[in-house]
Every structure is written in C-alpha cells, then in structure tokens.
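Remarks on the structure that follows.
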Amino acid sequence: QVQLVESGGGLVQAGGSLRLSCAASGRAFSRYAMGWFRQAPGKEREFVTAISWNGGNTDYADSVKGRFTISRDNAKNALYLQMNNLKPEDTAVYYCATWSRIYYYGPRHSFDYWGQGTQVTVSS
C-alpha cells in the first residue's frame, strides 16, 4: 500500500515562496506519475499540477502556471512543488496524489491515492 506524506507547508506573505515535499513509500516510486491538489476552506479539492513517472510530461492548472513548478527526484522517492509569487487565494491544504497503475498518466480527476495534506496560508 502506497503511503504519501506531505511537508513544507506554513505561513507566508503574499509574493513569497514555499517548497512542498511529498515522501512516498510502499512501492517503486519511479514507476508512477504523481500530482498535487489543494482544497481551500468551503471549496472542493482542485487539481494543481501533475508529473509523469519520468518527469517528461507536466500539467498545470491555469491558476498556477508560471508560478508553481512540480518536480521529482526518483532516487529519493520524493515529489516537490515549488510555489513562487504566492497569493492569498493559494491558501489551502495541499495534497500529494498518485495513480495505482504503473506508468499511467491519466486525466486530472482520476487519481487513486492521496496523502494527508499540508496547510499553506498566504497572508495579504
């Protein structure tokens, strides 16, 4: 069973940066595509970004394009989300996610596993 543990959240002022990390265990990390989602208070969870198993393909929500960068280090079983020029509307719990199928890189709504989340708060 895959386990996903996020870290790196916190409180930052608007215009600042944060780097989130996701540690994955329980299976061969390098063979699975990964992603990040977020959920703001009172709102549904929304897709943020995804990356293919080898890092060759990425996908971003329009709201974060040009500000957020997803990356992975398969040697360390780690996924990252570099968030720059943060805005108050980026405030949310951020979740790491993945699929159950090896090498699969599917639609944004089709993720199978989720972490517990890490809180990001951006003050104005």
Side-chain angles (χ1 to χ4, degrees):
Q1 181 75 10
V2 62
Q3 292 186 335
L4 304 172
V5 180
E6 302 92 339
S7 62
L11 174 63
V12 63
Q13 288 187 336
S17 298
L18 279 176
R19 187 194 195 204
L20 305 184
S21 299
C22 173
S25 61
R27 64 181 192 182
F29 175 80
S30 63
R31 299 180 183 180
Y32 296 87
M34 304 289 296
W36 289 96
F37 282 70
R38 67 186 181 185
Q39 187 168 18
K43 295 187 177 181
E44 293 187 353
R45 186 161 53 190
E46 64 174 357
F47 171 83
V48 175
T49 180
I51 187 168
S52 60
W53 64 276
N54 62 354
N57 290 290
T58 56
D59 181 23
Y60 292 92
D62 288 343
S63 59
V64 305
K65 277 182 182 177
R67 300 188 299 121
F68 290 12
T69 303
I70 190 171
S71 63
R72 64 189 297 158
D73 186 338
N74 286 344
K76 295 182 178 180
N77 290 353
L79 177 73
Y80 304 104
L81 180 63
Q82 179 66 43
M83 304 185 294
N84 297 329
N85 190 22
L86 283 160
K87 304 175 181 180
E89 52 263 43
D90 294 318
T91 294
V93 177
Y94 283 72
Y95 298 91
C96 176
T98 188
W99 283 283
S100 60
R101 291 166 57 183
I102 192 169
Y103 300 129
Y104 182 70
Y105 185 62
R108 296 176 173 183
H109 65 273
S110 64
F111 283 78
D112 298 304
Y113 300 119
W114 307 85
Q116 294 301 306
T118 185
Q119 176 70 46
V120 171
T121 303
V122 184
S123 63
S124 58

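If you read the sequence from its start, that first residue is 1, and numbering goes on from there.
Leu86 approaches Arg67 most closely through the heavy-atom pair CA-NH1, 3.9 Å. Nearest heavy-atom pair, Leu4 versus Ala97, reported as atom, atom and distance to 0.1 Å: CD1-CA, 4.0 Å. In plain terms, the two heavy atoms of Ser52 and Gly56 that are nearest each other are OG-N, 3.1 Å. Nearest heavy atom pair, residue Tyr94 against residue Met83, reads CE2-SD, 3.9 Å. The nearest pair of heavy atoms linking Phe29 to Leu79 is CZ-N, 4.0 Å. Shown here for Phe111 and Met34, the closest heavy-atom pair between the two residues is CE2-C, 3.9 Å.
In this structure, CH2 on Trp36 lies 12.0 Å from OG1 on Thr98, to the nearest 0.5 angstrom. If you take CZ on Arg27 and OG on Ser100, they are separated by 7.5 Å, rounding to the nearest 0.5 Å. The structure places CZ of Arg31 at 13.5 Å from CG of Asn54, a figure rounded to the nearest 0.5 Å. Note that CD of Glu6 and SG of Cys22 are 5.5 Å apart. Values are rounded to the nearest 0.5 Å. From Ser124, atom OG reaches atom CD of Glu89 across 10.0 Å, with rounding to the nearest 0.5 Å. The OG1 atom of Thr49 lies 5.5 Å from the CZ atom of Phe47; values are rounded to the nearest 0.5 Å.
More than 12 heavy atoms of other shown residues, nucleotides or ligands fall within 6.0 angstrom of atom CD in Glu46.
Not a single donor-acceptor pair under 3.5 Å links the side chain of Gln82 to the backbone N or O of Thr69. Put simply, the side chain of Ser21 never gets that close to the backbone of Tyr80: no donor and acceptor are under 3.5 Å apart.
With a 4.5 Å cut-off on side-chain heavy atoms, Arg38 and Leu81 do not count as touching. Looking only at side-chain heavy atoms (C-beta outward), Gln119 and Thr91 come within less than 4.5 Å of each other. Residues Thr118 and Ser7 fail the side-chain proximity criterion, which asks for heavy atoms closer than 4.5 Å.
In this structure, Trp53 has its ring center no closer than 6.0 Å to that of Tyr32. For Trp114 and Phe37, the distance between ring centers is under 6.0 angstrom.
Taken together through direct or relayed side-chain contacts under 4.5 Å among Ile, Leu, Val, Met, Phe, Trp and Tyr, Tyr60 and Leu20 form part of one hydrophobic cluster. No continuous path of hydrophobic side-chain contacts links Val93 to Tyr113 [ILVMFWY only; heavy atoms under 4.5 Å]. Put simply, Tyr95 and Val120 are part of two different groups of oily side chains (I, L, V, M, F, W, Y) that touch within less than 4.5 Å, one to the next.
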Practice task
List the steps and the verdict of side-chain contact (heavy atoms from CB on, under 4.5 Å) for Phe68 and Val48.
Solution key: CA-CA 9 Å; Phe68 290 12; Val48 175; 3.8 Å; yes
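Salt bridge status for Asp90 with Lys87: absent, with no side-chain N to carboxylate O gap under 4.0 Å.
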